[in-house]
Amino acid sequence: MATTETKVSGSSTVGLSWARVCKECGQQHDSQDSHLYEYQDEVDDELVCHICLQPLLKPMDTPCGHTYCFHCLSNFLKEQDFCPVDRQRLQLHQCRPSSLLVRNLLDKLTVMCPHCAECQQTMQRCELQPHLHNRCPVFRRLREEAEKRKRPSWNELKGRKGDGEGSGDAKHSATLSRNSTRDQPEPGLINPAYEEGEEDNNSLRSSLVAEATVVELIRDEPGEELGLRIVGGKDTPLGNIVIQEIVRDSIAARDGRLAPGDHILEVNDISLASVPHTRAIAVLQLPSLLRLTVMQEKGFKLRDQRSDQNQPTSTGSPGSHGPHSNATSSNNPGTVLQVTLVKSQRTEPLGIKLIRKSDESGVFILDLLAGGLAAKDGKLRNNDKVLAINGHDLRHGTPESAAQIIQASEMRVNFVVMRSAEAQEEGGSSRTSRRTPEPQYFRRRSTYMKDPPGGFSSQEKTVSLKKEPRLSLGITIAGGRDCRSRLPVYITSVQPVGCLHRDGTIKRGDVLLSINGVDLTQLTYNEAVSVLKAQTAQSQVVLRVIQTLSEESEEDAEANDDELDIAEDSRDDSLNWTPLWTRWLGLPSHMHWCRDIVLQKTNNESWGFSIVGGYEESHGQQPFFIKTIVPGTPAHFDGRLKCGDEIVAVNGATTVGMNNSSLIPMLKLQKNKVTLTVVSWPGSLV
């Protein structure tokens with residue numbers, strides 16, 4: 001048995017700083033160092049790292065049968081190329097995460113809160129982080145003190161005040177001055193979310209808060225998906241690598257620290273600041289443990305704290321809204337409400353049943369138990385979507401995480417919920433899902449003609465075959481205008497037994513246009529399957545497809561060929577294969593489907609999104625893309641606008657041909673309501 005030495009460095013709160021304290025273990029240590037814990041019992045030698053001689057953190061097994069902390073082993077192998085115990089040849093990529101049993105044993109080790117001078121609680125190691133964020137009085141005080149400190153000036157975060165040209169990422173470089181690659185402003189970046197008119201120059205002006213965070217994700221199996229949908233890259237107008245969506249029940253969703261809109265800056269010390277999309281996907285598909293450095297928007301904070309009581313909707317996080325305000329903003333899907341429940345004692349149940357839905361992410365109220373606190377209060381209703389509880393963002397959360405936050409709360413529980421317009425009209429009796437707009441309004445064929453982004457194009461291919469009527473074409477397809485993203489029908493595989501494989505013209509990822517003159521571009525999946533079966537029964541088949549192209553230098557193309565194979569061929573199952581996000585960018589506009597998103601706000605609010613693109617002399621005409629969505633804003637609460645979406649019109653007026661100085665005034669003139677017509681492609685899945 002190993003006797004672990006109890007550290008006392010965290011027992012005193014003197015000199016503690018919120019900026020320096022680790023948000024996971026509560027101790028002060030450098031970000032590249034391992035977490036520090038105060039273990040209360042002896043730890044079995046089998047659970048101790050042979051390098052640091054402390055209980056294992058993120059244990060990794062070597063092929064020769066030894067186990068080390070991930071950080072200890074990775075740092076050791078930067079200088080050496082052998083196992084520290086038996087000196088056999090070893091590289092990090094040969095190691096694999098330890099079994100679930102070992103990790104569970106480590107998580108159950110008993111530790112004490114590092115702030116034991118004021119908080120003497122003990123708990124399992126896996127419970128320390130929730131304890132710090134929800135129950136520890138010292139940790140709460142440090143956080144509150146940090147929030148009360150003066151925010152950086154508007155100009156520091158916003159960069160250059162004025163017309164907004166080329167200044168949108170100044171807020172990032174101000175926070176990450178250590179990263180020289182982010183100090184240069186990006187041409188064409190505009191931020192209607194942060195733009196202020198001179199008439200709005202009052203105490204309600206707020207500062208955007210963003211911070212860099214390190215998140216570690218571990219794959220149990222080398223090919224397991226993280227559950228991230230990614231957009232962006234240096235070969236696209238977005239430039240940065242941005243998380244578009246978190247897949248439900250995935251590694252990233254269970255971890256809970258990443259969110260849509262986060263910018264991925266580094267992966268395992270590999271910078272993604274100026275790499276093409278395919279290279280970034282290849283890096284994110286590295287096996288075992290990934291250490292992601294991400295930039296996260298934290299929302300707006302008021303400069304004048306007195307405004308908190310009068311204008312709760314101006315703040316940037318759900319938890320900062322005034323607890324007595326019931327209606328904050330009315331967005332197209334419904335109205336955002338704040339409800340505070342006050343318990344008579346800390347352990348009193350609220351009487352709320354929470355669920356998740358199959359067709360929408362997030363947490364919903366299924367039922368209010370008769371006689372319970374929530375039912376007596378009367379403000380919450382069935383089918384309300386829970387956006388936040390006590391300041392914790394649950395827009396992509398789970399009922400389990402919501403229940404943990406409620407259980408850890410004190411006497412007051414602050415809810416931020418979204419209520420659909422249908423539920424309001426029916427007086428809260430509706431238990432159906434939120435209102436669905438008319439299909440033609442929700443998704444329709446785009447009539448806005450424009451060119452693809454610079455560097456992306458497409459070409460049509462036609463194949464004419466004479467074949468036996470019973471002979472199959474040998475392709476599998478996916479997509480269809482009834483799928484979630486309203487994609488055109490595309491080819492997921494070309495089987496080696498079919499006649500199209502022998503011809504060699506048709507490739508995986510090609511989009512079907514027509515077969516024997518029958519248009520396939522506007523069909524659902526089942527309709528497309530029926531047409532293909534009927535037409536391939538003929539002896540003569542003429543198939544038209546479109547292939548998207550990306551212009552890269554030959555050197556980049558050669559370097560990225562293998563990465564593209566890794567990024568797309570790793571999921572070679574024809575039923576599960578999906579194209580990369582960049583494959584859709586070259587499609588001609590007549591194949592796009594668009595939808596209208598109506599955002600509403602008060603005069604003092606920001607729309608809550610930033611845009612990159614527009615006409616530039618150096619790059620020509622570029623489409624406008626959504627780059628950032630700020631928490632606590634109308635765009636965030638609405639939930640339909642995604643990073644990587646392309647804005648093709650504002651209030652029905654096309655954005656084609658516009659530059660920054662044209663679009664900014666158009667958005668600023670919309671004081672309370674704006675209709676954005678967008679085209680949305682699914683991000684690359686990793």
Side-chain angles (χ1 to χ4, degrees), residues 228-245 247 260 276-281 443-446 448-461 477-493 506-513 520-525 528 544-552 560 563-564 567-568 571 576-595 612-613 622-627 640-648 655-656 677-686:
L228 304 176
R229 286 199 175 274
I230 302 298
V231 298
K234 79 166 187 179
D235 51 339
T236 74
L238 286 178
N240 295 343
I241 300 298
V242 186
I243 297 176
Q244 182 194 64
E245 187 177 354
V247 179
H277 187 82
T278 52
R279 167 63 178 163
I281 298 301
R443 298 274 188 176
R444 65 184 187 280
R445 190 171 182 174
S446 177
Y448 298 95
M449 308 308 292
K450 58 181 184 56
D451 293 328
F456 294 89
S457 60
S458 61
Q459 68 175 17
E460 289 191 17
K461 300 184 293 186
I477 63 171
R481 297 306 188 180
D482 56 340
C483 71
R484 178 185 175 192
S485 299
R486 304 303 194 268
L487 299 174
V489 178
Y490 60 91
I491 296 173
T492 59
S493 70
I506 304 300
K507 304 292 184 182
R508 182 172 63 177
D510 289 349
V511 176
L512 296 176
L513 296 178
L520 300 171
T521 59
Q522 306 302 321
L523 301 185
T524 66
Y525 175 81
R544 290 176 56 242
V545 301
I546 192 167
Q547 176 186 6
T548 56
L549 306 172
S550 174
E551 296 178 5
E552 298 179 13
N560 289 335
E563 292 164 4
L564 189 60
E568 295 191 337
R571 295 185 297 275
N576 298 324
W577 182 86
T578 56
L580 295 180
W581 177 71
T582 49
R583 281 187 179 265
W584 301 113
L585 299 185
L587 280 182
S589 56
H590 67 82
M591 298 192 66
H592 294 182
W593 272 40
C594 61
R595 63 170 170 171
V612 65
Q622 295 278 16
F624 289 100
F625 285 89
I626 299 293
K627 184 165 186 175
R640 293 174 295 169
L641 206 61
K642 299 181 183 299
C643 294
D645 284 358
E646 181 181 342
I647 298 181
V648 297
T655 60
V656 176
T677 304
V678 303
V679 173
S680 183
W681 303 113
S684 303
L685 183 61
V686 295

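Shown here for W577 and I491, the closest heavy-atom pair between the two residues is CZ3-O, 3.7 Å. Scanning both residues, I477 and A528, for their nearest heavy atoms gives CD1-CB, 4.2 Å. Taking both residues in full, the closest heavy atoms of F625 and P453 are given as CZ-CG, 3.9 Å, listed atom of the first, atom of the second, then distance. Closest approach of I281 to S684, counting heavy atoms only: CD1-CB, 3.7 Å. Taking both residues in full, the closest heavy atoms of R544 and E460 are given as NH2-OE1, 2.9 Å, listed atom of the first, atom of the second, then distance. Scanning both residues, K642 and S680, for their nearest heavy atoms gives CD-OG, 4.5 Å.
Aromatic rings from W584 and H592 are positioned such that their centres are separated by 6.0 Å or more.
The shortest side-chain heavy-atom distance between R229 and I243 does not fall under the 4.5 Å cut-off. By the 4.5 Å heavy-atom criterion applied to side chains, R486 and R595 are not counted as neighbours. Annotation: side chain of I647 is in contact with side chain of I626 (closest heavy-atom distance under 4.5 Å). Under the 4.5 Å side-chain criterion, counting only non-hydrogen atoms from C-beta, M591 is in contact with I546. Counting only heavy atoms from C-beta outward, the side chains of T521 and P488 never approach each other to under 4.5 Å. Within the 4.5 Å cutoff, side-chain heavy atoms of V679 are placed close to those of V648. Between W681 and L487, some side-chain heavy-atom pair lies under the 4.5 Å cut-off. Residues V678 and L641 are in side-chain contact: their nearest non-hydrogen atoms beyond the backbone lie under 4.5 Å apart.
For the atom pair CG of L238 and SG of C643, the computed distance is 8.0 Å after rounding to the nearest 0.5 Å. Once rounded to the nearest 0.5 Å, the distance linking CD1 of I241 with NZ of K234 reads 11.0 Å. In this structure, the separation between CG on D510 and CZ on R583 is 8.0 Å, given to the nearest 0.5 Å. To the nearest 0.5 Å, atoms CG (L587) and OG (S457) are separated by 11.0 Å. How far OG1 of T278 is from CH2 of W581: 12.5 Å, rounded to the nearest 0.5 Å. Interatomic distance, CG of D645 versus CD of Q244, reported as 6.5 Å (0.5 Å rounding).
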Evaluate the side chain to side chain contact (heavy atoms under 4.5 Å, CB included) criterion for residues L512 and V545: first the C-alpha distance (whole Å), next the side-chain angles of each, then the deciding distance (0.1 Å), finally the verdict.
CA-CA 4 Å; L512 296 176; V545 301; 3.7 Å; yes

Show your working on side chain to side chain contact (heavy atoms under 4.5 Å, CB included) between V247 and L685 and close with a plain yes or no.
CA-CA 9 Å; V247 179; L685 183 61; 3.7 Å; yes

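Residues passing the salt bridge (charged side-chain N to carboxylate O under 4.0 Å, His left out) test with R481, sequence neighbours excluded: none. By the side-chain hydrogen bond (donor to acceptor under 3.5 Å, both in side chains) test, K507 pairs with no residue at all, sequence neighbours left out.
Judged by distance alone, the side chains of H277 and T236 never bring a donor and an acceptor atom under 3.5 Å apart.
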